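This report concerns only the one structure given below.
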Amino acid sequence: MTKKSMDKIMALAKRRGFVFQASEIYGGINGFWDYGPLGTLLKRNLREAWWQDVVLFPCRGALGPNGEPVRMVPLDTTIIQHPKVWEASGHVAGFSDPMVDCRESKARYRFDHLLVFAPASGDTQGKPYFAYLTDSPSEAKQKKKAEKAFGDVITIALSEVPKDAWARVLGPDAEKVGSLTEPRAFNLMFKTYVGATAGEDDVAYLRPETAQGIFVQFKNVLDTTRVKLPFGIAQTGKSFRNEVTPRNFTFRSREFEQMEIEFFCHESEAAEWYRFWRDTRMAWWQSLGLKGENLVLREHDREERAHYAKEGAGVSDVEFRFPFTDPGFGELEGIAHRTNFDLGQHQKFARTNLEFFDSDRGELLPNGSRKGEKYLPHVIEPSAGLDRGVLALLCEAYTEDPSRPSPELLRLHPRLAPVKGAVFPLVNKDGMPEISEKLHAELVRKFYRLGPIEHDVKQSIGKRYARMDEAGCPYCFTVDGETASAQTVTVRDRDTGAQERIGIDRVAEFLAQKLEQS
RNA sequence: GCGGGAGUAGCUCAAUUGGUAGAGCGUCAGCCUUCCAAGCUGAAUGUCGUGGGUUCGAGCCCCAUCUCCCGCUCCA
């Protein structure tokens with residue numbers, strides 16, 4: 001298979017109205033993207049597919065490891081939460097890695113990554129400290145200089161250099177000492193102010209993940225829905241991260257949409273639920289057409305895991321091979337056993353008991369009921385990127401077939417296709433447009449909930465097919481010379497170009513069947 | 001943040017030593033057209049990414065800035 005060109009995919013995305021640069025007429029704004037008409041439909045269809053298969057019909061009826069149907073309830077929480085939420089979650093601390101800038105080389109380093117060569121004796125005698133980064137060219141270079149200055153050298157962290165000696169630190173890529181700035185917090189959360197007065201007491205943050213809203217409302221959901229553990233809470237919504245380097249089209253954006261499940265269970269069952277969700281989520285992406293070697297499930301090493309998941313049963317990523325990551329992969333969804341870290345943190349910070357009383361556990365009592373057990377549930381989190389999903393689908397669906405008169409097409413799954421069908425008269429005369437308009441009106445009435453049905457009478461039939469190919473429309477119905485007498489139309493398949501004749505009264509049935517085959 | 005490359009019509013790209021901005025495709029209208037971007041006629045669309053500067057004159061030269069792509073870095 002020839003490697004797909006990201007440039008061509010981006011050109012198509014722009015040309016056909018899938019993705020636009022945000023604020024484009026003002027020169028764009030780094031890390032933000034808008035969806036055009038077709039992109040909006042595609043994104044909505046993917047979100048809707050997730051909603052159907054997670055919330056409305058969880059796992060499409062598959063039983064969980066406990067042998068029961070999977071329980072799931074929906075939630076919709078705010079983008080701006082109480083600032084304490086982010087202290088409890090660790091985002092305020094974790095997001096503010098102090099950074100050090102070099103005034104001379106303009107390089108920026110993580111403060112806790114910077115090491116210095118210092119004399120073994122401890123006294124530099126007015127000579128510089130030689131700062132470096134491990135495994136960077138600066139290491140050998142600085143070591144050589146340090147050894148020349150001091151003889152025996154030792155390594156210490158930059159943070160251990162006394163503040164009054166800061167001016168004698170030679171930056172890793174600098175020629176003169178004293179070029180490094182004080183370490184500065186570099187918060188990846190977007191900051192805003194609540195209330196019109198906008199004082200420092202009114203600081204709030206745009207959420208960097210939707211998950212915390214779920215944890216914070218965990219108790220309310222329990223108290224109002226009669227759900228029992230194990231069960232999940234599902235939410236879709238925007239999140240914001242002030243990324244250092246937005247990159248790769250929409251892949252790393254500063255504003256993005258997540259589709260998250262927080263699945264709550266007893267600690268003893270966490271490992272099997274983790275495996276269940278990992279495999280279920282992988283299969284879900286496959287069911288939408290991301291198949292074969294472009295999609296992998298990758299288990300993280302323990303060292304790779306986030307702070308909240310270090311002790312858990314595991315973390316996996318569903319990863320897709322994008323043209324810009326090839327031969328590597330980029331993350332679509334992370335499935336993590338977050339242990340009971342988050343609920344524990346909120347319990348502590350909010351001073352609220354978030355334990356669940358499980359009446360199905362504990363010793364069996366003489367009357368046949370159980371004593372019950374109170375515990376802080378563990379959480380399995382399948383967290384998917386909606387925008388990344390859309391991008392992966394576009395990349396996977398994009399096909400160039402030079403043997404076709406219109407070489408570019410999007411082989412999108414019918415369930416996800418932004419346009420569900422199109423009706424054309426073969427030519428714009430002989431009564432054909434009247435028949436096609438009628439058929440089109442009928443299909444619109446029947447399918448508007450799923451997506452638009454197009455009708456086009458202009459230009460040649462080939463051009464109209466080509467337009468639908470680029471929009472990813474799976475089926476075109478053409479009224480031709482036989483239609484009036486035989487009451488049949490042709491159906492043209494997007495992926496093969498093959499045609500068959502079906503009765504005009506069977507078109508809706510045909511399309512419904514094709515769209516439901518998923 | 002560093003290094004490299006690039007910004008001209010919706011898309012892909014031209015424009016000689018600095019001299020009033022073009023093509024193909026697409027779009028729209030009309031004709032034509034009986035199954036795959038066909039043909040004919042016509043039309044619309046650009047502050048040449050943005051802001052300064054040099055010059056009689058700047059798409060082109062200079063400075064700044066923004067955005068995109070690639071490689072590092074980052075991705076809790």
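Residue numbering restarts at 1 for every chain, and letters A, B, ... go by the order of the sequence lines. Keep in mind that the numbers below use all heavy atoms, side chains included, and drop hydrogens, waters and symmetry copies. Keep in mind that this is a model prediction, so the values were computed, not measured.
Looking at heavy-atom distances under 4.0 Å, A:Asp480 makes contact with a base. Across all strands, A:Phe249 comes closer than 4.0 Å only to sugar-phosphate atoms, never to a base (heavy-atom distances). Residue-level contact check: A:Gly334 touches neither bases nor backbone, having no heavy atom under 4.0 Å from any strand. Using a 4.0 Å heavy-atom distance criterion, A:Arg247 is classed as a base contact. Among the atoms of the strands shown, none is found under 4.0 Å from any heavy atom of A:Met6. Here A:Gln21 lies in heavy-atom contact (under 4.0 Å) with sugar-phosphate atoms only. Residue contacts for A:Asp7: at a heavy-atom cut-off of 4.0 Å it reaches no nucleic acid atom on any strand shown. Among the atoms of the strands shown, only primed sugar atoms or phosphate atoms (P, OP1, OP2) are found under 4.0 Å from some heavy atom of A:Arg467. Residue A:Gly27 is classed as a sugar-phosphate contact, given heavy-atom separations below 4.0 Å to backbone atoms only.
Residue A:Lys14 has no polar side-chain atom (N or O) positioned under 4.0 Å from OP1 or OP2 of B:rU12. One finds a side-chain N or O of A:Ser460 lying less than 4.0 angstrom from the OP1 or OP2 phosphate oxygen of B:rA38. A close approach under 4.0 Å does occur between a side-chain nitrogen or oxygen of A:Asn30 and OP1 or OP2 of B:rC68. Applying the 4.0 Å criterion to OP1 and OP2 of B:rU33, one finds that A:Lys429 has a side-chain N or O inside that range. Between A:Lys463 and B:rC35 there is no side-chain polar atom (N or O) within less than 4.0 angstrom of OP1 or OP2. At B:rC31, none of the side-chain N or O atoms of A:Asn428 fall inside 4.0 Å of OP1 or OP2 (strictly under the cut-off).
Taking the six-membered ring where tryptophan is involved, the planes of A:His337 and A:His378 are tilted, since the angle between them lies from 30° to 60°. Using cut-offs of 30° and 60° for the angle between ring planes, the A:Phe249 and A:Trp33 rings count as perpendicular.
Rounded to the nearest Å, the gap between the P atom of B:rC13 and that of B:rC69 is 15 Å. Taking atom C1' in both B:rG57 and B:rG71, the straight-line distance is 41 Å, to the nearest Å. B:rU45 and B:rG10 are spaced 11 Å apart, taking the P atom of each and rounding to whole Å. Nucleotides B:rG24 and B:rA38 place their P atoms 15 Å apart, quoted to the nearest Å.
Nearest to the side-chain atoms of A:Arg492 among the listed nucleotides B:rC36, B:rA76, B:rC35 stands B:rC36.
Figure legend: cation-pi geometry between A:Arg492 and A:Tyr465, with NZ or CZ positioned under 6.0 Å from the six-membered ring centre and within 45° of its axis.
Every stem involving RNA chain B, taken as at least 3 paired positions in a row under the Watson-Crick or G-U wobble test at 3.5 Å, is listed here: B:1-7 with B:66-72, B:10-13 with B:22-25, B:27-31 with B:39-43, B:49-53 with B:61-65.
Scanning atom types as modelled, one donor and one acceptor separated by under 3.5 angstrom connect the side chain of A:Tyr465 and the base of B:rC35. A:Ser406 contributes no side-chain N or O that forms a donor-acceptor pair with the base of B:rC36 under 3.5 Å. Judged by atom type and distance alone, A:Glu408 does not reach the base of B:rA37 through any side-chain donor-acceptor pair under 3.5 Å. For A:Arg16 against B:rG10, no side-chain N or O and base N or O form a donor-acceptor pair under 3.5 Å. A donor-acceptor contact under 3.5 Å links the side chain of A:Thr245 to the base of B:rG1.
In this structure, A:Ile29 and A:Ile25 both approach RNA chain B, and ranking their closest nucleotides by distance from the 5' end singles out A:Ile25. RNA chain B is contacted by both A:Glu24 and A:Gln459; A:Glu24 maps to the nucleotide lying nearer its 5′ end (nearest heavy atom per residue).
Taking CZ of A:Arg278 as the start and OG of A:Ser316 as the end, the distance is 5.0 Å to the nearest 0.5 Å.
Checked by atom type and distance alone, the side chain of A:Gln258 pairs as donor or acceptor with a backbone atom of A:Thr210 at under 3.5 Å. Not one N or O on the side chain of A:Lys43 forms a donor-acceptor pair closer than 3.5 Å with the backbone of A:Asp387.
For A:Trp285 and A:Phe320, the gap between ring centers reaches or exceeds 6.0 Å.
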Report task. Please assess A:Phe322 against A:Phe329 for the test side-chain contact (heavy atoms from CB on, under 4.5 Å), listing each intermediate value before the final yes or no. Result -> CA-CA 6 Å; A:Phe322 293 92; A:Phe329 293 81; over 6 Å; no

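Checked for salt-bridge contact, A:Arg338 and A:Glu209 meet the test: a charged N lies under 4.0 Å from a carboxylate O.
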